[in-house]
Amino acid sequence: MDLILCHTTADFDALGAAVGLTRLKPGAQVVLTGGCHPTVREFLAFYRDEYALIERRSVNVEQIRSLIVVDTQQGDRLGLAADWFALPHLEQVELYDHHLDTATDLPVTHLVIEPVGATTTLIVERLQQLESLELTPAEATVMALGIHVDTGSLTYDSSTPRDALALAWLMTQGASLSVIGEYVEPGLSPQLQDLLTLALEQLHTTTCEGYQLSWVLLPTSDFVPGLSSIATRLMGLTHSDALLFGSWYETGQEKRLTVIGRSRQRCRSSSNPPLNLHTLFAPLGGGGHAQAASLTLREHNIEATFEDLVQHLQNQVPTAPRARELMSSPVRTILPETAIAQAQRILLRYGHSGLSVVNHQGELVGIISRRDLDIALHHGFSHAPVKGYMTPHLKTITPETQLPEIEALMVTYDIGRLPVLEDGNLVGIVTRSDVLRQFHLQETGQRVGAKIQLNRLKSCYLPETMKQMLQESLTGPLQELLRQAALAAEQRGWHLYLVGGGVRDLLLADTEKVINLQDVDLVVDGYHRAAQPGAGVELAKVLQQHYSGARLQIHGQFQTAALLWHKHPELGSLWVDIATARTEFYPYPAANPEVEASSIRQDLYRRDFTINALALRLTPPRIGEVLDFFGGILDLEAQLMRVLHANSFIEDPTRIYRAVRFAVRLGFRLEGQTEGYIRYAIASGVYDLSVAENNRAPALQTRLKNELKYILEAPYWKRAIQLLGNLDALKCIHSCLELTPELWKQLKLVDRCLRRFNPPGLCPPWQLLLEVMIAYLAPEYRYWVASGFQLPAESIERLKDLEAAKTTILSLLPTCESPSTMVNALQPYRFSTLILVMVQSPRVLRRKIWLYLWKLAQAKPILNGNDLKQLGYKPGRQFKVILDKLLEMTLDGELTDRASAEAFLQKNFPL
């Protein structure tokens with residue numbers, strides 16, 4: 001006998017999953033181990049005969065072969081049927097559930113737990129794989145009810161696309177929508193209606209950090225089924241964000257308390273994420289979901305226990321973000337007399353959607369939006385002052401205004417931006433974009449936080465998890481360095497963030513390995529005011545006092561400082577960049593950016609790729625908080641390289657090379673639109689323009705050379721060059737450069753040569769590979785490109801004279817009939833020159849140059865200078881003649897040992 005067990009007080013999800021399993025396992029029967037929910041009981045009153053149900057008392061335990069448990073992992077939720085798991089003849093125990101945060105105490109031989117909204121979904125997916133399967137309408141309906149009820153008809157945050165697809169398939173199988181509608185929202189019995197009226201009269205409500213919390217505790221004469229229906233109705237009538245509905249009654253010498261909890265998010269864009277009721281009830285033995293849970297206790301002091309639950313619910317309410325954490329600062333301001341055209345240029349420069357207007361005393365007098373400016377320009381008033389078009393009557397907030405209040409102001413008054421005033425001074429501005437980004441952070445955190453066991457990346461929005469990552473993944477000395485930096489920043493009233501690659505590598509690190517970051521980027525943010533431009537430099541100087549062995553570099557133009565350690569006994573080789581949060585503007589394509597002090601949010605907006613636009617907070621009060629405004633963590637999980645801004649590659653072509661470098665290094669792929677932006681930027685010809693104009697070329701080519709150096713020094717350089725070639729991105733070096741099969745063959749030849757030997761005097765491998773690419777260009781372009789890349793003078797001259805050297809060498813080599821004549825022909829040239837000539841030579845001549853590089857150039861005469869002195873020869877002009885002759889005859893095989901060499905000397909150079 002195969003039995004499918006539903007937990008006590010079975011709900012529609014348990015019943016639906018069990019019914020579906022009867023189709024997967026023909027002959028299996030369903031046991032309701034301890035009754036069912038009132039709505040389920042009413043449903044079964046009509047449909048019981050449609051399903052393979054059997055009473056527990058009717059089971060012959062001697063015939064049980066296997067047990068299948070659905071929608072629970074705890075034996076105590078199976079009533080008396082829990083004893084069956086100890087039967088000696090039991091062959092198999094299977095379990096299907098969707099609750100990720102519960103550990104099973106059953107002797108399971110086959111376990112299926114997956115992150116979906118309902119257990120029934122798991123069973124439906126397996127039914128879909130069966131060929132020619134047709135469900136009865138009754139079977140499809142009860143399974144659809146299971147998914148509807150457990151996902152709130154796909155409105156709970158635990159709902160997934162898999163649940164929606166399962167529902168759609170059940171509809172094709174004949175699920176009855178009218179029956180589903182009847183039992184998803186059932187009517188209340190007279191007893192429940194009376195309790196609902198009483199609950200509304202005695203309901204307590206409070207507002208905490210923008211959340212409306214409600215609770216009520218009612219006595220009853222006995223156990224009342226269907227209390228969850230009252231909780232659901234109360235939520236709809238009161239618009240509460242979270243509700244605790246308690247009911248108790250006496251039985252004998254004890255009291256029994258039942259608490260039903262519900263929480264919700266009003267809408268997807270709400271600033272209030274739903275509270276987690278599972279974590280509230282679980283320590284007391286309760287269970288359920290984050291937004292729907294229940295608890296039953298035997299208690300003497302009912303009121304105190306319920307009050308504790310209410311207090312713990314209030315403690316769970318997160319601190320609402322304040323305006324000072326959301327706003328952009330400093331604020332771009334203009335005077336009322338500023339011309340419309342000039343205001344438009346300022347908007348374009350900084351990418352804002354509006355500007356604050358202040359008088360000569362710095363007092364806020366209005367705001368002008370992009371729409372206002374567009375209207376004025378449309379009517380030809382480009383020279384008119386903005387005071388005639390600005391909005392003078394403003395709603396303002398303070399740095400301490402909470403996000404829910406900001407949200408309410410924006411919605412009520414249809415305001416796109418709210419100035420932030422402190423003591424009458426304009427210190428920041430909160431825009432719709434700032435609020436939406438905060439919603440995105442909260443929603444993503446809620447979505448992935450519930451799946452923390454699945455993947456390390458999915459839990460990184462939780463500050464406590466990130467603090468643990470810092471402790472587990474970084475070396476002790478590096479942790480101490482970050483702690484010292486954060487302490488110094490906090491003492492000065494600043495926030496400090498680890499940003500960019502350090503956060504990315506921390507998230508991608510193996511959980512069992514410690515990583516030692518060699519490049520660390522820190523950003524100082526001045527809370528609700530922009531930090532002074534020198535904040536990063538000041539913090540670097542403070543750290544240098546603590547680490548006296550560090551070398552300090554200051555870059556005033558970009559408001560950054562760097563601390564460098566070289567082979568430190570604890571930190572190793574480490575480079576720490578410390579910058580003041582800043583924003584930047586590219587005055588023209590491929591130019592160096594102009595920078596200004598700003599906030600951490602704007603600092604992240606200026607980054608290149610989503611996976612690099614991450615920040616990890618190192619200072620209180622939320623140490624470990626991750627800022628991810630662009631979905632960088634999701635792109636890390638999907639292994640995607642996604643650019644932040646559509647014009648990124650137009651502004652700076654080196655970002656194309658960075659995209660390729662990161663993609664190949666991390667094993668990621670370029671996101672489709674990002675690849676499209678790259679191809680558009682290259683096809684636009686903007687790089688041809690920037691290379692042609694000498695005032696722009698040096699900055700572009702220097703940055704490009706640095707990126708090429710990173711790529712060509714890496715072990716993955718071949719894959720990176722191939723990807724650059726596929727993108728046609730070598731045109732950034734020169735518009736005529738393409739990765740043809742011939743150029744690719746030359747690069748591979750150099751790589752093989754470098755693997756064989758690295759003789760003295762050979763230029764660095766990365767530089768030699770770059771020279772091969774430049775040498776592939778027409779001779780008239782080589783000198784200019786090499787000079788623009790600021791290659792060493794020797795390299796520039798080599799490329800400039802390469803064509804002449806190639807002509808001479810290729811004319812001499814065919815006439816070289818002996819090794820000695822080959823050495824005489826090639827010896828005047830440096831190894832780097834010969835390699836460049838070799839890769840461009842026909843195969844026959846290439847073999848001769850290879851022979852020279854690999855063998856002949858290292859050949860020595862049988863007798864050296866010391867040997868000649870011992871034989872009585874005195875150093876002088878003849879000395880060199882003798883050694884050259886000995887080398888020549890050695891190369892040509894005419895002298896093979898010392899005796900033959902000495903005989904040659906006695907005959908031709910007698911003493």
**Item:** Residues that D884 engages under side chain to side chain contact (heavy atoms under 4.5 Å, CB included), provided they are two or more places apart
**Value:**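 D884: side chain to side chain contact (heavy atoms under 4.5 Å, CB included) contacts with K880.
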**Prompt:** Excluding sequence neighbours, so at least two apart, what forms side chain to side chain contact (heavy atoms under 4.5 Å, CB included) with S818?
**Reply:**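 With neighbours one apart ignored, the set is S820, T821, D892.
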More than 12 heavy atoms of other residues, nucleotides or ligands under 6.0 Å from [atom1] of [X]: yes or no?
X: Y783; atom1: OH; answer: no
X: R679; atom1: CZ; answer: yes
X: Y680; atom1: OH; answer: no
X: Q544; atom1: CD; answer: yes
X: E817; atom1: CD; answer: no
X: Y829; atom1: OH; answer: yes
X: R846; atom1: CZ; answer: yes

Can you confirm whether [X] sits close enough to [Y] that some side-chain heavy atom of one is under 4.5 Å from a side-chain heavy atom of the other?
X: L856; Y: L826; value: no
X: L727; Y: L670; value: yes
X: L636; Y: L614; value: yes
X: R658; Y: Y710; value: no
X: H645; Y: Y677; value: no
X: S841; Y: V837; value: yes
X: Q553; Y: T560; value: no
X: V520; Y: L522; value: yes

Output the distance between atom [atom1] ([X]) and atom [atom2] ([Y]), rounded to the nearest 0.5 Å.
X: L704; Y: L770; atom1: CG; atom2: CG; result: 9.0 Å
X: S735; Y: Y781; atom1: OG; atom2: OH; result: 6.5 Å
X: L845; Y: I849; atom1: CG; atom2: CD1; result: 7.0 Å
X: T338; Y: Q344; atom1: OG1; atom2: CD; result: 13.5 Å
X: L481; Y: T475; atom1: CG; atom2: OG1; result: 9.0 Å
X: F789; Y: N706; atom1: CZ; atom2: CG; result: 10.0 Å

**Asked** Does the side chain of S795 come under 3.5 Å of the side chain of E771 through a donor N or O and an acceptor N or O?
**Response**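 Looking only at side-chain atoms, E771 and S795 do form a donor-acceptor pair, the distance falling under 3.5 Å.
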**Asked** Can you tell me if Q840 and K806 form a side-chain donor-acceptor pair at under 3.5 Å?
**Response**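 Side-chain D/A pair, Q840 to K806: present.
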Before accepting this row, confirm whether a basic side-chain N of the pair [X]/[Y] lies closer than 4.0 Å to the acidic partner's carboxylate O.
X: D505; Y: R665; answer: yes
X: R642; Y: D635; answer: yes
X: D751; Y: K748; answer: no
X: E803; Y: R782; answer: yes
X: D603; Y: R606; answer: yes
X: R703; Y: E707; answer: no
X: E538; Y: K541; answer: no

**Option from I611, T674, V664 for which side-chain contact (heavy atoms from CB on, under 4.5 Å) with M641 holds** =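 One option only clears the test, and that one is I611.
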**Message:** Please evaluate residues Y852 and L834 with respect to the criterion side-chain contact (heavy atoms from CB on, under 4.5 Å), reporting the C-alpha separation (whole Å), side-chain torsions for both, the decisive distance (0.1 Å), and the verdict.
**Reply:** CA-CA 10 Å; Y852 170 79; L834 292 175; 3.4 Å; yes
Just by distance, do the side chain of [X] and the backbone of [Y] share a donor-acceptor pair under 3.5 Å?
X: Y657; Y: A729; value: yes
X: K848; Y: L813; value: yes
X: T815; Y: L812; value: yes
X: D801; Y: A804; value: no
X: E738; Y: T740; value: no

So, for [X] and [Y], which heavy atoms are closest and what is the spacing to 0.1 Å?
X: F609; Y: R655; value: CZ-O, 3.3 Å
X: A825; Y: C816; value: CB-SG, 3.9 Å
X: A485; Y: L539; value: O-CD1, 3.7 Å
X: T610; Y: L644; value: N-CD1, 3.0 Å
X: A343; Y: L355; value: O-CD1, 3.6 Å
X: W717; Y: L712; value: CB-CA, 3.9 Å

**Asked** With a cut-off of under 6.0 Å to the ring centre and 45° to the axis, is R752 in cation-pi contact with W850?
**Response**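 Judged by the rule (NZ or CZ under 6.0 Å from the ring centre, within 45° of its axis), R752 counts as positioned above W850.
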**Asked** Do we get R756 above W854's six-membered ring, with its NZ or CZ under 6.0 Å from the centre and within 45° of the axis?
**Response**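 Checked: cation-pi criterion met.
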**Message:** Can you classify the ring geometry of F630 versus Y605 as parallel (below 30°), tilted (30 to 60°) or perpendicular (above 60°)?
**Reply:**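 Aromatic pair F630/Y605 classed perpendicular.
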**Residues F649, V643; criterion side-chain contact (heavy atoms from CB on, under 4.5 Å); working and verdict** = CA-CA 9 Å; F649 302 120; V643 74; 3.8 Å; yes
**From CA spacing to verdict: side-chain contact (heavy atoms from CB on, under 4.5 Å), N612, F662** = CA-CA 10 Å; N612 293 335; F662 283 123; 3.4 Å; yes
**Item:** Verdict with reasoning, R669 to L640, per side-chain contact (heavy atoms from CB on, under 4.5 Å)
**Value:** CA-CA 5 Å; R669 59 186 176 85; L640 284 178; 3.4 Å; yes
